[in-house]
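Quick note: numbers below take in every heavy atom, side chains included, and nothing from hydrogens, waters or symmetry partners. This structure is a prediction, so every number in the text was calculated from the model and none was measured. Letters go in sequence order (proteins before strands), and every chain restarts at 1.
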2 protein chains.
Amino acid sequence: MAETGTTTPRERYRTQVRTEIKERAWEQIATAGATALSLNAIAKQMGMSGPALYRYFAGRDELITELIRDAYGSLADTLRTAAESGADLTALAHALREWALADPHRYFLIYGTPVPGYQAPDDVTGIAQGIMATLLDACAALPSDGPATPFDTHLESHRQWAAGHPAPPAALHRGLALWTRLHGVLSLELAGHFNGMGFDPALLYAAELDDLLSR
Amino acid sequence: MAETGTTTPRERYRTQVRTEIKERAWEQIATAGATALSLNAIAKQMGMSGPALYRYFAGRDELITELIRDAYGSLADTLRTAAESGADLTALAHALREWALADPHRYFLIYGTPVPGYQAPDDVTGIAQGIMATLLDACAALPSDGPATPFDTHLESHRQWAAGHPAPPAALHRGLALWTRLHGVLSLELAGHFNGMGFDPALLYAAELDDLLSR
DNA sequence: GAGCTTCAGTGATAGCCTCTAACTAAATCT
DNA sequence: AGATTTAGTTAGAGGCTATCACTGAAGCTC
């Protein structure tokens, strides 16, 4: 008996329409990117006319913000469930790549060109910190030999971004480098900058990861 | 006597208006990003009304294509002149970062979220190859000790992207890694993903570069 | 169950945008 | 001087976001 708790029929209908709007929005984004997202088109697809959508979202910006929130949440979930089932850094990196390849425009919604005036709401930055924490956990589980670099010591004194994560500076450094390197390969690959170059982006991705693990 | 060769007054006027249009377009892009670029607004700024711009550009897409071409050209020039005055890899990386920070939206016009249907014209991919060649030249000038990695051998057999560049596989690998790593740090920095984290992105950029040089 | 309130959805409208088409007027060419 | 090319105009089609006033139905209260 799928009792939905103490929700009124109106609320249930409302959330159902909201999620259908978001589903259509994701379809549009997957095929034509976020800039092509049109409230009007979504409304017509759903058989209702234009301004009706403004009952459910204050505007285009609020819808996109919600989609960004969901994208962050999806990535955080993907990495967290992978980590909870014992994934190491390699497996985490693989999960990230799979997630990105599954819907490139969703990746760019998070890590692509920023929209000038946009400021992410607090809960989104919280989720982003959670993603970083998952990566740092996996980094802290690795042995970190070798001398501390100057950047390590810089991180030692500027580590409030880690939100109190107990990883040692070398692990923080590794976490940051992991993030930036994987994003470097992924974003160029997804944007098509490797097209026609012949080599396999997956191997470059793996090579970058290996280099990071063995140092 | 700045004789402009065998150009008619009409041609001169035409190219002058074209460049003024592009200047206004760059101003718009620098402040509000490429998605906010409006032909209408540019026309009004220049004191003429809407459709007049279509005498100079076939449409919004052609203008943006032209801007992308110019951005690529500007980056290629910056790196090439730096290389010609004896810059090593570190100096090249520094020049790249300066160029990106000078106008982040120009960087994203090249390396940001791709527009779905867009296919870069041939001459643009040619300029992109030139940029890569400058990087590879600097990589080939470095000693490459250490054993060949599996990815090196993969590159050995898939090196048509290097457009006949004579660099050894290890240098090709280093060139690719340089590109992706610097882009990884730069794009996240420019997109504001390091905001509020406290550490200095320039130091991370330098650390990534150092790691690449000493291996 | 009758009446009141809330709310989903509508059409009309304003103000942007890109882009096309027909036309005017000026500059250039012959 | 006359013919031609071309820069710029207005008008308009069709798209978009977003607001407003209104209708009709669903839910709530007594």
K.L.:
B:S187 and B:G184: which non-hydrogen atoms are nearest, and at how many Å?
P.N.:
OG-O, 3.5 Å
K.L.:
Between B:L109 and B:A34, which heavy-atom pair has the shortest distance, and what is it?
P.N.:
CD1-CB, 3.7 Å
K.L.:
Please check if the side chain of A:H193 supplies one atom and the backbone of B:I110 the other of a donor-acceptor pair under 3.5 Å.
P.N.:
yes
K.L.:
Once rounded to the nearest 0.5 Å, what's the spacing between atom CG of B:L209 and atom OG1 of B:T90?
P.N.:
4.5 Å
K.L.:
Could you tell me the separation between the CG atom of B:D211 and the CZ atom of B:R181, rounded to the nearest 0.5 Å?
P.N.:
5.5 Å
K.L.:
Salt bridge between A:R14 and A:E11, side-chain N to carboxylate O under 4.0 Å?
P.N.:
no
K.L.:
Are B:D77 and B:W99 close enough that some pair of their side-chain heavy atoms sits under 4.5 Å apart?
P.N.:
no
K.L.:
Taking all atoms of both residues into account, what is the closest heavy-atom pair of A:G59 and A:L39, and its distance?
P.N.:
C-CD1, 4.1 Å
K.L.:
Could you tell me the separation between the CG atom of B:L136 and the CH2 atom of B:W179, rounded to the nearest 0.5 Å?
P.N.:
10.5 Å
K.L.:
List every contact pair, protein side and nucleotides 14-16 of chain D side both N or O, where the distance is under 3.5 Å.
P.N.:
unit_1	atom_1	unit_2	atom_2	d
D:dC16	OP1	A:S38	OG	3.3

K.L.:
Between B:G59 and A:P51, which is nearer to the 5' end of DNA chain C once each is assigned its nearest nucleotide?
P.N.:
A:P51
K.L.:
Specify whether B:Y111 and B:H183 have parallel, tilted or perpendicular ring planes, treating 30° as the upper limit for parallel and 60° as the lower limit for perpendicular.
P.N.:
tilted
K.L.:
Can you name the atoms? Protein N/O to nucleotides 3-8 of chain D N/O, anything below 3.5 Å, with the distance.
P.N.:
unit_1	atom_1	unit_2	atom_2	d
D:dA7	OP1	B:R14	NH1	3.4
D:dA7	OP2	B:R14	NH1	3.4
D:dG8	OP1	B:Y13	OH	2.6
D:dG8	OP2	B:Y56	OH	2.5
D:dG8	N7	B:R55	NE	3.1
D:dG8	O6	B:R55	NH2	2.4

K.L.:
Give the first and the last nucleotide of DNA chain C, reading 5' to 3', that has any atom under 4.0 Å from a heavy atom of chain B.
P.N.:
C:dC17 to C:dT28
